[in-house]
Amino acid sequence: MKSKINKSDFYKSTKNIMLTILGTLILAFSSAMFIIPFDLVAGGITSISIIIEKIIASPYITVDLIITVLAWSLFLIGFFVLGKDFAFKTLISTIIYPLGVSFFSRLVNSGVFGGFFDLKASRYSNIAIIMACLFGGLLIGMGCAVTFLGGGSTGGVDVLAFIICKHFKKLRSSKVIFYIDSVVIAIGVFVIRDLIITLLGIITAFVGALVIDRIFLGSEKAFNAQIISDRYEEINSAIIEVLGRTTTLIKIRGGYSKNDKVMLTVSFKLRQYAELIGIVNQIDKSAFVTITDVHEISGNGWTR
């Protein structure tokens, strides 16, 4: 039994690492292909790097170099202030993201693959920035969501947000990140000095947020099931053992039959939906099951 648990943990860890790597690579590709070439300030470490590069205006100081310096600086700050557990979650992204941006940036050149990745040199260059805005936001959101699903963190301004929240307990990290990104975008207005690019950067951020909501938060969507079955004890044991969810047993009486029964209730996540239905059908196909959406769940095993 012990070897099975270890094997399961190994597969789960491997899956999470692969998701974090994939998400970070998607994020790096989006930044290099769409965000950096058009100076789209949409928040985050990449936008900060774009602003710094514009202020310094040196041919030796590139955006990918600034991203590398900032990423590792924030990682070290997070390691000493937030601890090794948090730092470990950001380590993969800290290594891969700067390298990914640097690599993919080399592809944005008219001399590479016939300029396939160079949107500015395209014959449709008049709409290239709009495509960059939309697809940049789409892939940024996708990259962040996949990374989060793997239990990782993209690092960057997240580190600053968590440090602030550590000293100001009443603040939520999501709001602090929003405030930081808002300040970055506001600064970008005065540095880039182009209202159209600024507005497109805001749209990019908005699209990214929507995608994260659909992919990541959508997978965390919760439901509540009410199950009435004469074999409730078997169903109860299976849910606890297989899904790892606790249940509540409620004594009820049928309005028509007047028979006393037991109703089992359990809260579960979207990814456990099919598994729960499978458990009930396998044990008692005649069970009466009602499933409803749950707006929010707080408490042991749920509080994020």
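Start at 1 with the first residue, then count along the sequence.
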Are the side chain of Lys120 and the backbone N or O of Pro37 linked by a donor-acceptor pair below 3.5 Å? yes
Looking at every non-hydrogen atom in both residues, tell me the closest pair between Thr20 and Thr24 and how far apart they are. O-OG1, 2.7 Å
Do Ile129 and Met131 sit in one hydrophobic cluster, given that two such residues count as connected whenever their side-chain heavy atoms are within less than 4.5 Å of each other, even indirectly? yes
With a 4.5 Å heavy-atom cut-off, do Ile227 and Ile239 have their side chains touching? yes
Flag side-chain contact, heavy atom, 4.5 Å: Met263 against Thr248: no
Tell me if a side-chain donor or acceptor on Lys258 pairs with a main-chain N or O of Gly255 at a distance below 3.5 Å. yes
Taking the side chain as every heavy atom from C-beta outward, state whether Arg106 and Val112 have any atom pair closer than 4.5 Å. no
If we only count heavy atoms from C-beta on, is the Ile95 to Trp72 side-chain gap below 4.5 Å? yes
Donor on one side chain, acceptor on other, Thr154 and Ser93, under 3.5 Å: no
Any donor-acceptor pair under 3.5 Å linking the side chain of Ser102 with the backbone of Pro98? no
Do Asp284 and Ser229 pass the side chain to side chain donor-acceptor pair (under 3.5 Å) test, and can you show the C-alpha distance, the side-chain angles, and the key distance before you say yes or no? CA-CA 7 Å; Asp284 184 6; Ser229 169; 2.5 Å; yes
So does Leu243 get a backbone contact from the side chain of Gln272, meaning a donor-acceptor N/O pair under 3.5 Å? yes
Kindly determine whether Thr265 and Thr247 satisfy side-chain contact (heavy atoms from CB on, under 4.5 Å), including the steps that lead there. CA-CA 6 Å; Thr265 67; Thr247 61; over 6 Å; no
Measure from the side-chain N and O atoms of Ser105 to the backbone N and O of Val101, and report whether any donor-acceptor pair falls under 3.5 Å. yes
Should Leu264 and Ile240 be regarded as members of a common hydrophobic cluster, given that ILVMFWY residues are connected when their side-chain heavy atoms come within less than 4.5 Å of each other, either directly or indirectly? no
State whether a side-chain donor-acceptor pair under 3.5 Å links Tyr97 with Thr90. no
Taking Ala42's backbone N and O only, do any of them form a donor-acceptor pair with Ser47's side chain (distance below 3.5 Å, no angle check)? yes
Could you walk me through whether Tyr273 and Ile291 pass the side-chain contact (heavy atoms from CB on, under 4.5 Å) test, one step at a time? CA-CA 10 Å; Tyr273 196 110; Ile291 297 178; 3.7 Å; yes
Verify the cluster assignment for Ile61 and Ile192: are they in a single hydrophobic cluster under the rule of side-chain heavy atoms below 4.5 Å apart? yes
Roughly how far, to the nearest 0.5 Å, is CG of Leu27 from CG of Leu139? 9.5 Å
Can you name the nearest heavy-atom pair linking Arg193 to Phe190, along with the distance? CG-O, 3.1 Å
Which atoms form the tightest heavy-atom contact between Ala71 and Thr94, and what is the distance? O-CG2, 3.8 Å
Backbone N/O of Gly44 and side chain of Asp181: donor-acceptor pair under 3.5 Å: yes
Donor-acceptor pair, side chain of Arg231 and main chain of Ile283, under 3.5 angstrom: yes
For residues Leu119 and Ala128, report the shortest heavy-atom separation together with the two atoms involved. O-CB, 3.6 Å
